[in-house]
Amino acid sequence: MLQNKNILLCVTGGIAVFKSAALTSKLVQNGANVRIIMSESAMKFVTPLTFQALSRHEVYTDTFQERNSEKIAHIDLAEWAEVILVAPATANIIGKLANGIADDLITTTLIATKAPVYIAPAMNSNMMENVAVVRNIAQLTADGYRIMDADNGYLACGYVGKGRMLAPADIIENLIVHFSENKILAGKKFLITAGPTLEKIDPVRYLSNFSSGKMGYALAKMATELGADVTLVTGPVNILPPQGVELIHVETAEEMYEAVMTRFAACDCVIKAAAVADYTPVYQESKMKKANAGLTLSLQPTKDILKTLGEKKTTQFVVGFAAETNNVEDYAKKKLHAKNADLLIANDVTQSGAGFGSDTNIVTIFDRDGAVIQLPKMEKVAVAKEILLEIFKRMK
Ligand code: PMT
């Protein structure tokens with residue numbers, strides 16, 4: 001998705017500079033053309049050589065060091081960039097930008113550009129809450145800068161709180177979404193399931209699986225970006241929901257079945273990315289006591305939601321997933337037909353960077369006419385976009 005996109009990364013001086021180095025590497029791996037400007041203080045943390053090696057381009061550091069007499073660096077970079085990222089963005093750069101100050105190469109470039117500018121703040125949590133910083137961030141938002149909200153967690157200064165620079169994978173995800181602004185799914189209602197189900201054994205134990213919800217959430221985020229009206233039925237996960245979706249929380253396969261079935265008639269497309277339990281234990285009202293002998297659990301099959309959708313569908317486009325560990329193609333094709341789905345997305349969850357928990361996935365898409373589309377390893381949000389484009393072509 002970022003292939004040949006011109007991305008200018010402005011690195012200012014905070015400990016999160018190390019994350020920007022990882023971000024540069026990821027941008028390059030995603031095919032972007034990356035140029036870097038470093039501030040004076042950024043160079044106190046990491047030398048330009050690191051960014052030069054990762055971006056494979058000389059790093060810009062000084063307004064007055066003009067390398068080409070036919071060009072003025074800050075104007076040239078400002079025009080070249082399709083997107084500018086300020087990451088990490090310190091309280092200082094945020095304050096300068098909010099007040100229109102242009103006293104170094106980064107600020108002059110930012111003031112000269114017409115490109116969209118994304119800001120990834122990174123600082124101590126008290127600084128983040130400081131009244132001037134809060135005011136400056138609000139000003140930047142009002143001025144049209146796009147703020148990539150800082151994460152919560154452990155900070156290098158020893159505090160725990162808000163102030164961590166967004167992870168490189170999340171920044172990349174935002175960029176991929178940025179470059180997908182065509183609203184091809186406007187007017188369509190999508191129902192997407194994500195995450196695991198949780199099947200209770202007794203009041204203190206349950207059976208579940210390793211789904212993090214990332215694949216389903218990426219689909220919901222991208223479908224929303226492409227203009228769809230999205231309802232996301234989610235099992236218990238620890239990730240933030242995309243903005244603008246209707247969120248329905250469920251725990252068990254039975255609850256997911258109910259949530260999907262009651263909404264199915266009104267939707268145009270269902271995507272079943274959730275990892276639904278195939279069996280649920282017979283629930284014990286009291287905590288089961290430990291015994292010395294082994295334990296056998298009695299399990300009942302759950303309702304197969306995808307299969308039921310395939311049986312009941314009228315005009316809806318139904319998409320299933322298959323998480324496989326072997327004979328991927330064979331099993332995936334069988335699932336496509338057995339569940340009467342219109343499209344089936346197979347992932348071999350034994351591959352590194354595929355399936356459960358990772359930020360990336362490696363999928364093969366099967367349709368009912370025998371088409372097989374094999375995608376390389378990509379960020380889940382990029383995989384989501386490819387899947388949605390395939391759905392779009394067929395829904396038409
Ligand atoms: O959440 P992540 O960590 O990002 O991981 C992503 C993923 C691996 C969970 C996702 O890419 C994926 O493969 N989801 C489907 C997992 C799964 O349950 O696969 P399956 O082969 O067991 O089931 C086939 C299809 O039937 C799936 O669409 C599933 O949602 C559906 N199903 C299964 C059982 C059931 N009772 N009802 C169903 O609808």
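When a ligand or atom number is given, it counts from 1 through the structure's own listing order. As the structure is a prediction and not an experimental result, all values here were calculated from the model.
Residue pairs meeting the side chain to side chain donor-acceptor pair (under 3.5 Å) criterion with at least one partner in residues 294-306, sequence neighbours excluded, are Glu254-Lys303, Asp304-Lys339. Under the side chain to side chain donor-acceptor pair (under 3.5 Å) criterion, the residue pairs touching residues 16-28 are Ser25-Gln29, Lys26-Glu379, with sequence neighbours excluded.
In terms of protein heavy-atom proximity, atom 36 (N) of ligand 1 is nearest to Lys303 O, 3.0 Å. Summary of contacts: the protein heavy atom closest to atom 1 (O) of ligand 1 is Ser211 OG, 2.6 Å. Here the heavy atom of the protein found nearest to atom 33 (C) of ligand 1 is Val276 CB, 3.9 Å. Of all protein heavy atoms, the one closest to atom 37 (N) of ligand 1 is Ile305 N, 3.1 Å. Atom 28 (O) of ligand 1 has as its closest protein heavy atom Lys272 O, 2.7 Å. The shortest contact between atom 19 (O) of ligand 1 and any protein heavy atom is with Ala323 N, 3.4 Å. In this structure, the protein non-hydrogen atom closest to atom 11 (O) of ligand 1 is Asn347 OD1, 2.5 Å. Counting only heavy atoms of the protein, atom 6 (C) of ligand 1 lies nearest to Met215 CB, 3.6 Å.
At a heavy-atom cutoff of 4.0 Å, ligand 1 is contacted by no atom of Leu309, backbone or side chain. Only the backbone of Ala273 comes within 4.0 Å of ligand 1, judged by heavy-atom distances. Residue contacts with ligand 1, taken as heavy atom pairs separated by less than 4.0 Å, involve Leu306 via backbone and side-chain atoms alike. Residue-level proximity to ligand 1 for Ala274 is carried by the backbone, the only part with a heavy atom below 4.0 angstrom.
Of all atoms in ligand 1, numbered sequentially from 1 with element shown, those under 4.0 Å from a heavy atom of Ala277 are 36 (N). Ligand 1 places these atoms under 4.0 Å from at least one heavy atom of Asp278: 34 (C). Residue Asn361 has at least one heavy-atom neighbour below 4.0 Å for each of these atoms of ligand 1: 11 (O). Heavy-atom contacts of Gly213 reach the following atoms of ligand 1: 1 (O), 2 (P), 3 (O) (cutoff under 4.0 Å). Atoms of ligand 1 lying under 4.0 Å from at least one heavy atom of Asp304, given by number and element, are 35 (C), 36 (N), 37 (N), 38 (C), 39 (O). The Thr302 neighbourhood of ligand 1 comprises atoms 36 (N), with distances under 4.0 Å to a heavy atom of that residue. Near Lys335, meaning under 4.0 Å from one of its heavy atoms, ligand 1 places the atoms 20 (P), 21 (O), 24 (C). Atoms of ligand 1 lying under 4.0 Å from any heavy atom of Ala322, numbered from 1 in the order shown and given with element: 21 (O).
The shortest N/O to N/O separation between Gly357 and ligand 1 falls below 3.5 Å. Among the atoms of Ser212, some N or O lies under 3.5 angstrom from an N or O of ligand 1. The shortest N or O to N or O distance between Thr193 and ligand 1 is not below 3.5 Å.
Salt bridge Glu225/Lys385: absent, no basic N to carboxylate O contact under 4.0 Å. The pair Lys307-Glu311 meets the salt-bridge criterion, since a charged nitrogen lies less than 4.0 angstrom from a carboxylate oxygen. Under 4.0 Å is where a charged nitrogen must lie from a carboxylate oxygen, and between Lys162 and Asp151 no such pair does. Ion pairing of Asp202 with Lys287 is absent here, as no side-chain N (NZ or NE/NH1/NH2) approaches a carboxylate O to less than 4.0 Å.
Here atom 26 (O) of ligand 1 lies nearest to Lys339 when heavy atoms of Lys214, Glu324, Lys339 are compared. With atom 24 (C) of ligand 1 as the reference point, the heavy atom nearest to it among Phe356, Phe321, Tyr279 is part of Phe321.
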Checklist entry - What do the steps show when you test Thr314 against Gln316 for side chain to side chain donor-acceptor pair (under 3.5 Å), and what is the final call? => result CA-CA 6 Å; Thr314 50; Gln316 297 89 346; 3.1 Å; yes
Next on the checklist: What verdict does the side chain to side chain donor-acceptor pair (under 3.5 Å) test give for Thr107 and Lys96, after you've listed the backbone C-alpha separation in whole Å, the side-chain angles of each residue and the deciding distance to 0.1 Å?
Outcome noted: CA-CA 8 Å; Thr107 45; Lys96 281 187 187 175; 5.2 Å; no
Item to check | Criterion ring-ring contact (aromatic ring centres under 6.0 Å, His included) on His178 and Tyr118, from CA distance to verdict | outcome: CA-CA 10 Å; His178 170 87; Tyr118 284 82; 5.4 Å; yes
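Side-chain rings of His74 and Tyr60 stay apart, their centers remaining 6.0 Å or farther from each other.
Thr350 and Asp348 share a side-chain donor-acceptor pair at under 3.5 Å. Side-chain contact of Thr197 with Glu199: a donor-acceptor pair under 3.5 Å is present, judged by distance alone.
With Arg394 as reference, Asp367 is the one residue of Asp342, Asp369, Asp268, Asp367 to meet the salt bridge (charged side-chain N to carboxylate O under 4.0 Å, His left out) rule.
Rounding to the nearest 0.5 angstrom, the gap separating the CD atom in Glu82 from the CD1 atom in Ile7 is 7.5 Å.
The number of heavy-atom neighbours closer than 6.0 Å to OH of Tyr283, taken from other residues, nucleotides and ligands shown, is above 12.
Not a single heavy atom of Gly195 sits under 4.0 Å from any atom of ligand 1. Not a single heavy atom of Lys307 sits less than 4.0 Å from an atom of ligand 1.
Residues Ala322 and Leu344 approach most closely at CB-CD2, 3.6 Å, considering heavy atoms.
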